[in-house]
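To start, the structure under review is shown below, and the notes come after it.
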Amino acid sequence: MAVIRLAIVLFIIEAVFYVLISVYLRSTKAESLEDEWDRRHPDRAGNSPERRKFVQRSMTGFQKTLKARLVALVFVVPTVAIVVIAWAVNVQ
């Protein structure tokens, strides 16, 4: 029963970190795209419908990038580490 409780708590913590990291990565990418728009179009800098459309179009493929996919390691690495530690402790 303790293992199931540990798995549930671990999953919840990993999910929270996954969401936080995903939001952070998306916001930094969107900010860099906004800066790129301002640099390319100095006469139309600032918040405009064209800039929002540019950022939205550029963000459509972001989830398929390696950077966005590596965030899934938040689920894998801690789980593997706990399994390895538990195995090493029980082998002795």
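For clarity, every value in this text was computed on a predicted model and none was experimentally measured. Atoms considered below: every heavy atom in the structure, side chains included; atoms not considered: hydrogens, waters and symmetry mates.
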Would you mind writing out the side-chain donor-acceptor pairs for residues 19-26 within the sub-3.5 Å range, not counting sequence neighbours?
from, atom 1, to, atom 2, distance (Å)
S22, OG, Y18, O, 2.9

**Report entry** Cluster companions of V3 among Ile, Leu, Val, Met, Phe, Trp, Tyr (side-chain spacing under 4.5 Å)
**Finding:** none

Query raised in the report: Sequence neighbours excluded, which residues qualify as salt bridge (charged side-chain N to carboxylate O under 4.0 Å, His left out) partners of E36?
Result: R40

Residues 58-65 side chain polar contacts: donor-acceptor under 3.5 Å, at least two apart:
from, atom 1, to, atom 2, distance (Å)
S58, OG, F54, O, 2.9
T60, OG1, R57, O, 2.8
T65, OG1, F62, O, 2.7
T65, OG1, A68, N, 3.4

Query - Residues forming a side chain to side chain contact (heavy atoms under 4.5 Å, CB included) with V83, sequence neighbours excluded - result: none

Report summary line: Sequence neighbours excluded, the answer for side chain to side chain contact (heavy atoms under 4.5 Å, CB included) partners of E14 is L10, V74, F75, P78, T79

Query - side-chain hydrogen bond (donor to acceptor under 3.5 Å, both in side chains) involving T28 - partner list, sequence neighbours excluded - result: none

Query - ILVMFWY clustering at 4.5 Å (side-chain atoms), partners of L73 - result: L66, L70, V76, V77, V80, V84

Report task. Compare all side-chain heavy atoms of R51 with those of L33 and state whether any distance is below 4.5 angstrom. Result -> no

Query raised in the report: Just wondering, do Q56 and R52 contact through their side chains at under 4.5 Å, heavy atoms?
Result: no

Report task. List for me each residue that meets side-chain hydrogen bond (donor to acceptor under 3.5 Å, both in side chains) alongside D35, sequence neighbours excluded, and say none if there are none. Result -> none

Report task. State which residues pass side chain to side chain contact (heavy atoms under 4.5 Å, CB included) with I8; sequence neighbours excluded, sorted by chain then number. Result -> I4, I12

Requested in this report: Please list, chain by chain and in numerical order, all residues satisfying side-chain hydrogen bond (donor to acceptor under 3.5 Å, both in side chains) with N90, sequence neighbours excluded.
Outcome: none

